[in-house]
> 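Encoded as structure tokens, here's the structure I'll be asking about.
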2 protein chains.
Amino acid sequence: MRASERAYQTLREEILDWSLLPGTVLAEVEQSERLGVSRTPLREALGRLGAEGLTRTARGRGVVVSDISLEDVDELFELRETLEGKAAALAAERGDSTVFGELHEELLAAPGLISEADPARHDYYELVGRLDEAIDSAISNSYLAQAVRSLRVHLVRVRRLAADDATRLTAAAAEHAAIAEAIASGNPRLAEAATTLHLHRSLSHIKATHTPR
Amino acid sequence: MRASERAYQTLREEILDWSLLPGTVLAEVEQSERLGVSRTPLREALGRLGAEGLTRTARGRGVVVSDISLEDVDELFELRETLEGKAAALAAERGDSTVFGELHEELLAAPGLISEADPARHDYYELVGRLDEAIDSAISNSYLAQAVRSLRVHLVRVRRLAADDATRLTAAAAEHAAIAEAIASGNPRLAEAATTLHLHRSLSHIKATHTPR
DNA sequence: CATGCAGCAAATGTATACATAGGCCGACGT
DNA sequence: ACGTCGGCCTATGTATACATTTGCTGCATG
């Protein structure tokens, strides 16, 4: 794998899982030595991160990890409701009913995946990720898909602000199942409504459980 | 100005005004010599263009200018309707009524700007650009604003597919005036409807006047 | 005591040399 | 004659040396 790709993947992971906290300065020499690559591929990695909005260049202090506050969460969900609502509606119009029917079945059984044995809820998030991918490919619109994907990057960070307890995840699974069912039934307005409902509940949960640091 | 910035601006301009046609290969040495910068800043410029979607890396042949077809136009407008509709609605909720009232007045007088003396319609597009900026800043949502801006880049390219005759521009000015008026009146649903109407007419115009090459 | 300027230091920005991989062309074999 | 293999050559990927800018510190002056 290319050195710039390695540096990009590593930094991206570390930012998304809050190993690198907002405000952390990513100096070129420092990071290039730490990651074992030279400054050139590291700069390319920093450029890509900046384009995604995960970092910003603080005039004079170099590149720093972007901040993400509760206000950002409101803004993110405002955009998310718009984009994912439209995506769900288009998926209902254009998607393959059997694909989403199967996802619906799986999501109904999802509470079984939320076991205490897997604190990271790997299986659960993998299933939700497959629903996202199915919607992306069903909408047949690369620009919308791209917009949704770039938005989801930030949402991964936000997830850490919320306490994803088993109770909430079980409820969320039911909401996702409702979205899949609506898409499978080919009803755009219902799919959009189910998405809106899910996002509002997610946002409420984040805001209710967030403990200010 | 930085060399990488110069290279980026130049290439971006050339792609947007179709001086660099879709499919054109942007080899690093070739372009760095042409633009008078070394390969390092040029690579940074190419990276930024790729992140915007104006170029893509063609496996083996390096970086090429992205294609943009009539199918892309449909996809672009589908996303545009979603984003700009939401933006207009938010602007109506949160914007300063006087700002949009003044833009409304100016847009009503816009047909006077469309003179035969200025084939590029510089004054007209400047005014429309100010409406876009006013909406962007009124929505108070940096993520949505960013999404709208990244979308507009592609629309600049599309504009060249349409024959922007004086008749269409006069009608478009009236549609823009209606949007500004709806925002000034603080009516989100009206603002969204006016935007939807305008975008549909723009798309119809593009599809009606486009002469396949 | 505060403010501004000058010099220094460390960061980023740029150029270039070098490594490496992949594609193309020619030759050889079937 | 066509296909395949090998070598060369040109492209990109990386490292590093150098230039340049900017922020900070300390001293001097009002």
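Order of the sequence lines sets the chain letters (A, B, ...), proteins ahead of strands, with each chain counted from 1.
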> If you take atom types as modelled and just measure distance, does the side chain of B/Arg61 reach the base of C/dG22 with a donor-acceptor pair under 3.5 Å?
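In this structure, the two groups form no donor-acceptor pair.
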> B/Asp72 and B/Phe77: side-chain contact (heavy atoms from CB on, under 4.5 Å), yes or no, with the steps?
CA-CA 9 Å; B/Asp72 287 280; B/Phe77 270 75; over 6 Å; no
> Just the rounded figure in Å: distance from P of D/dT12 to CD of A/Glu5.
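Interatomic distance, CD of A/Glu5 to P of D/dT12: 18 Å.
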> Starting from C1' on D/dT10, measure out to CD on B/Glu33 and report it in whole angstrom.
13 Å
> Indicate the ring-plane relationship of B/His176 and B/His198, choosing parallel, tilted or perpendicular according to the 30° and 60° boundaries.
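The arrangement is tilted - the two ring planes meet at 30° to 60°.
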> Where each residue is assigned the nucleotide of DNA chain D containing its nearest heavy atom, which of A/Gly36 and B/Leu26 is assigned the position nearer the 5′ end?
B/Leu26
> Do B/Gln9 and B/Glu5 have a side chain donor and acceptor closer than 3.5 Å?
yes
> For the side chain of A/Thr40, starting at C-beta, report the closest nucleotide among D/dA15, D/dG13, C/dG13.
D/dA15
> Please state how far atom CD in A/Glu28 lies from atom C1' in C/dT12, giving the value in whole angstrom units.
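In whole Å, C/dT12 C1' and A/Glu28 CD are 5 Å from each other.
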> Please state whether the phosphate of D/dT12, meaning OP1 or OP2, lies under 4.0 angstrom from any side-chain nitrogen or oxygen of B/Arg43.
no
> Can you tell me the distance, in whole Å, between the CD atom of A/Glu44 and the C1' atom of D/dA15?
14 Å
> How far does CG of A/Leu79 sit from CG of A/Asp74, to the nearest 0.5 angstrom?
13.0 Å
> Is it the case that A/Ser202 and A/Arg168 place a side-chain donor and acceptor less than 3.5 Å from each other?
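Looking only at side-chain atoms, A/Arg168 and A/Ser202 do form a donor-acceptor pair, the distance falling under 3.5 Å.
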> Can you tell me how far P of D/dT16 sits from CZ of A/Arg39, to the nearest Å?
12 Å
> Check every atom of D/dT12, D/dA15, D/dA17 against the side chain of A/Ser38 and return the nucleotide holding the closest atom.
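My answer, after comparing the listed nucleotides, is D/dA15.
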> Distance alone, cut at 3.5 Å: any donor-acceptor contact between the side chains of B/Tyr125 and B/Arg121?
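There is no such pair between these side chains.
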> Atom CG of A/Leu42 and atom P of D/dT16: how far apart are they, to the nearest Å?
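So the CG-P distance, A/Leu42 to D/dT16, works out to 14 Å.
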> Whole-Å distance between D/dG13 C1' and A/Met1 CE?
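Whole-Å distance recorded here is 15 Å.
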> Quick one, which residues of residues 46-57 of chain B touch DNA chain D with a heavy atom under 4.0 Å?
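Under 4.0 Å from DNA chain D: no residue of residues 46-57 of chain B.
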> Could you state the CZ-P distance from A/Arg2 to C/dG22, rounded to the nearest angstrom?
11 Å
> Looking just at side-chain N and O atoms, do A/Glu52 and A/Ser150 make a donor-acceptor pair shorter than 3.5 Å?
no
